[in-house]
Colleague: 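I have a structure here, written as structure tokens, and I will follow up with some questions on it.
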Amino acid sequence: MLKYLKKYWFYALLAPVFMVGEVMMDLIQPRMMSNIVDNGVLGLNNGNIGDMHIVLTSGIQMIGVVFLGGIFGVLSGVFSNLCSQNFGNDIRKDCFQKIMSLSLEQTDKFSTGSLITRVTNDVTQVQNMVAQCIRGFVRTCMLFFGGIVCMLTLDLSFGVVVLCAFPIVLLIVLFFISKVNPLFLVLQKKLDKVNSVMQENVTGARVVKAYVREEYEKNRFGDSNRELVDTQLHVLVLLSYMMPLMNIIMNISIVAVIYIGSVRVQGGNTTPGNVMAAITYLTQILNSVVMLAMIFQNVSRGMASFGRLKEVLLCEPIISDGKGISLTSENLRGKVEFRNVSFAYPQSVGDGVLKNINLTVFPGETFAILGATGCGKSSLVNLIPRFYDVTEGQVLVDGVDVREYRLSELREKIAIALQKSELFSTSIRNNILWGRGNASQQETGHAAQIAQAEEFIKAQPKGYDTLVAEKGMSLSGGQKQRIAISRAVLKSADILIFDDSTSALDLKTEAQLYEALNREYKDVTKIIIAQRIASVKNADRIAVIDNGRIADCGTHKELMETSDIYRDIYTSQLKSGGEQGE
């Protein structure tokens, strides 16, 4: 935490300095009030004749002290907020950057809802803790110790009240803080759960509505929210017991000061003004203990949140940069090779997804992968950009193990379009420009033409500048896929991967897309995953995957002659109308 505060040490220093000034003004006021009562009102030093001049001058001085204390307080608040807000801004950005560097396995482990809570609510809690520590500790400590010193200078007998009240107040504070502290971590986890349910329902709203599950999801959210509310109420109820007890101790202490003060006044050992000042100092002392309790509560909650942030910040990416490579020769650009590759998802049970895969895709080749759902097609191509690492064997790009590349070097060579097209809440143009941010308008339009997207884009109200709703909800499945394909094509990478990214396209549009790709990008290696034989039959080679292994590999014609699995798929699709002949 200190490394984030170092940048703002000047603000962190000025905030308590001005707070010292504010507290000093607070400690001066009871003395001035005592002078007004004793000399201005009662006239104890003037034959019991009041002096309005003292009342007016001291009153004006008190107003000046209050005004000056207010200025100090405002400046202290400004500098503490500058420090805490900038601190929170830095830690939030670092958390987000770390999340972006984590592997898919690690983000799945944290869960989306939890990561959102950490970057938002947990950072806010830590910000509040920093602000409280910078200002609150200085104020409470100065009020406590300064109040005791000032009170004892009035009359030592008043110290007996503090001596009796302080241990009781301290025990009350420690008891409730010890009860509340463990609940803060539980509270944040309950908030994680609420955010997760909310995130799932917002992104999956269409499925919820389609299956008429609104009532079920409402109850699920209600259960999660109830757990959060119950935990929060438990914390608040515990703290609500503390304040009345503190007020009881405070009022008993004030009564004790009044009683002792009256005895001392009758004995001529002190003055009524000193008694009033002592009551004010006692209130400040006990209030400072209450404030300290609240600060400890915020610190406890902040430390629980900071512990959760540290889990993210100290999490080392499982998939990290290799040492980097020198430029390879031009004739190798786009070559992909799998050598004895086996893969199992982390913490999966049973056999791995892929088993002993040996395969070479040559530069400029159009290579298709076909197989039943769940056979490992997507898992295979996910190993190329290192979304996951192999369990055994090697994946090589341009003759180099992908683990030797820097991640940015490797992924610059690859463009990928997924079946589930991830679009962002910005214009269609900006979504396509994710492929290459510095592309010209002409290049962007050309990529959309190849992806068969330009016609529907120009039909939109603002063309390329039409805004896309969150998650692309304003577009059809086929439109989203074509924008995602445009983005991949615009990147002009050496390897182009279509992971079932044409599943929402009709056969005619799909055929036009592949025809344009083969015409315009002959030298680009194209890896196509598909469920339909019509999508892959014109590829240079087709690999048939069955149960995590490559069962057959060859051209459409060869596989029709030699592969029983391929013929079965072909026959089933022909009967269902999914294939229009060989």
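These numbers were taken from a predicted model, which means no experiment stands behind them.
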Colleague: Assess the residue pair Leu313 and Ile91 against the criterion (side-chain contact (heavy atoms from CB on, under 4.5 Å)); give the C-alpha distance rounded to whole Å, side-chain angles, the decisive distance to 0.1 Å, and a yes or no.
Modeller: CA-CA 9 Å; Leu313 292 168; Ile91 201 168; 4.0 Å; yes
Colleague: Enumerate the residue pairs fulfilling salt bridge (Lys or Arg N to Asp or Glu O under 4.0 Å) with a member in residues 245-269, sequence neighbours excluded, ordered by first and then second residue.
Modeller: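 Sorted pair list: Asp155-Arg264.
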Colleague: List the steps, then state whether salt bridge (charged side-chain N to carboxylate O under 4.0 Å, His left out) holds for Lys98 with Asp94.
Modeller: CA-CA 6 Å; Lys98 177 64 75 171; Asp94 279 2; over 6 Å; no
Colleague: So, does Thr231 use its side chain to make a donor-acceptor pair with the main chain of Glu227 at under 3.5 Å?
Modeller: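 Such a contact is found between Thr231 side chain and Glu227 backbone.
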Colleague: Could you walk me through whether Ile134 and Phe79 satisfy the side-chain contact (heavy atoms from CB on, under 4.5 Å) test, starting with their C-alpha distance in whole Å, then the side-chain angles of each, then the deciding distance to 0.1 Å, before giving a yes or no?
Modeller: CA-CA 9 Å; Ile134 291 173; Phe79 288 116; over 6 Å; no
Colleague: Is a side-chain N or O of Ser240 found less than 3.5 angstrom from the main chain of Val237, in a donor-acceptor match?
Modeller: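 A pair under 3.5 Å: yes.
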Colleague: Are side-chain heavy atoms of Phe137 and Ile295 found at a separation under 4.5 Å?
Modeller: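 A side-chain contact under 4.5 Å exists here.
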Colleague: Is any side-chain heavy atom of Phe387 less than 4.5 Å from a side-chain heavy atom of Arg411?
Modeller: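 Counting from C-beta outward, Phe387 and Arg411 do come under 4.5 Å.
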Colleague: May I ask you to check whether Asn274 and Ser34 show a side-chain donor-acceptor distance below 3.5 Å?
Modeller: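 Looking only at side-chain atoms, Ser34 and Asn274 do form a donor-acceptor pair, the distance falling under 3.5 Å.
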Colleague: Does Phe343 have any ring-ring contact (aromatic ring centres under 6.0 Å, His included) partners at least two apart in sequence or in another chain, and if so, which?
Modeller: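 Partners of Phe343 under the ring-ring contact (aromatic ring centres under 6.0 Å, His included) test: Tyr345, Tyr388.
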Colleague: Going by salt bridge (Lys or Arg N to Asp or Glu O under 4.0 Å), name the pairs with one or both residues in residues 130-148, residues two or more places apart or in two chains.
Modeller: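 Salt bridge (Lys or Arg N to Asp or Glu O under 4.0 Å) check on residues 130-148 returns Glu22-Arg139, Asp26-Arg139.
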Colleague: Between Asn128 and Arg301, is a side-chain contact (heavy atoms from CB on, under 4.5 Å) present by the stated rule, with each step listed?
Modeller: CA-CA 10 Å; Asn128 293 338; Arg301 189 165 189 172; over 6 Å; no
Colleague: Given the rule in the side-chain contact (heavy atoms from CB on, under 4.5 Å) test, do Leu410 and Arg386 qualify, once you have shown the distances and angles that lead to the verdict?
Modeller: CA-CA 8 Å; Leu410 174 64; Arg386 288 192 73 198; 3.6 Å; yes
Colleague: Measuring only between side-chain heavy atoms, which start at C-beta, is Leu245 closer than 4.5 Å to Ile249?
Modeller: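 The answer is no; the side chains never approach within 4.5 Å.
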Colleague: Any sub-3.5 Å donor-acceptor pair from Thr57's side-chain atoms to Ile54's backbone N or O?
Modeller: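 Looks like yes, one N/O pair under 3.5 Å.
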Colleague: Pairing donors with acceptors under 3.5 angstrom, does anything connect the side chains of Arg118 and Ser114?
Modeller: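 Yes, a side-chain donor-acceptor pair sits under 3.5 Å.
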Colleague: Just wondering, do Arg487 and Leu423 contact through their side chains at under 4.5 Å, heavy atoms?
Modeller: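 Leu423 reaches Arg487 side chain to side chain.
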Colleague: Which residues pass the salt bridge (charged side-chain N to carboxylate O under 4.0 Å, His left out) test with Arg220, not counting sequence neighbours?
Modeller: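 Expected list: Glu200, Glu217.
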Colleague: Report the residue from Gln85, Lys7, Lys3 that forms a side chain to side chain donor-acceptor pair (under 3.5 Å) with Asp90.
Modeller: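 Only one of Gln85, Lys7, Lys3 forms a side chain to side chain donor-acceptor pair (under 3.5 Å) with Asp90, namely Lys7.
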Colleague: Within the 4.5 Å heavy-atom criterion, are Asp230 and Arg226 side-chain neighbours or not?
Modeller: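 Touching, per the 4.5 Å side-chain cut-off.
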Colleague: Look only at the side chain of Asn81 and the backbone of Gly77, and say whether a donor-acceptor pair between them is shorter than 3.5 Å.
Modeller: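 Such a contact is found between Asn81 side chain and Gly77 backbone.
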Colleague: Give the minimum heavy-atom separation between Val119 and Cys95, together with the two atoms involved.
Modeller: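 Looking at all heavy atoms of both residues, the closest pair is CG2-CB, 4.2 Å.
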Colleague: With salt bridge (Lys or Arg N to Asp or Glu O under 4.0 Å) as the rule and sequence neighbours excluded, what pairs involving residues 67-78 come up?
Modeller: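 For residues 67-78: none.
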Colleague: Once ring-ring contact (aromatic ring centres under 6.0 Å, His included) is applied, do any residues pair with Phe306, and if so which ones, sequence neighbours excluded?
Modeller: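 Checked Phe306 against ring-ring contact (aromatic ring centres under 6.0 Å, His included); zero matches.
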Colleague: For Asn298 and Met129, indicate whether the former's side chain and the latter's backbone hold a donor-acceptor pair under 3.5 Å.
Modeller: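 No: the side chain of Asn298 does not pair with the backbone of Met129.
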Colleague: Can you tell whether the side chains of Lys218 and Glu215 come within less than 4.0 Å, N to carboxylate O?
Modeller: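 Counted as a salt bridge, because a side-chain N and a carboxylate O are separated by less than 4.0 Å.
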Colleague: Are side-chain heavy atoms of Arg429 and Lys462 found at a separation under 4.5 Å?
Modeller: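 When only atoms from C-beta onward are counted, Lys462 and Arg429 do not touch, as no gap falls below 4.5 Å.
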Colleague: What closest approach, in Å, do Leu5 and Cys83 show between heavy atoms, and which atom pair accounts for it?
Modeller: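 Where Leu5 meets Cys83 most closely, the heavy atoms are CD2-SG, 3.8 Å.
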Colleague: What's the shortest heavy-atom distance between Leu143 and Ser288, and which atoms?
Modeller: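 Taking Leu143 first and Ser288 second, the nearest heavy atoms are CB-CB, 3.9 Å.
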Colleague: For a quick test of reading the model, state the closest non-hydrogen atom pair linking Asp389 to Leu383 and the distance between them.
Modeller: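 Answer, listing the atom of Asp389 first, then Leu383: C-CD2, 4.1 Å.
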Colleague: Please name the pair of heavy atoms, one in Pro16 and one in Val138, separated by the smallest distance, quoted to 0.1 Å.
Modeller: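 That closest heavy-atom pairing would be CB-CG2, 3.5 Å.
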Colleague: On a heavy-atom basis, which atom in Asp321 and which in Leu407 lie closest, and how many Å separate them?
Modeller: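 That closest heavy-atom pairing would be OD1-N, 2.6 Å.
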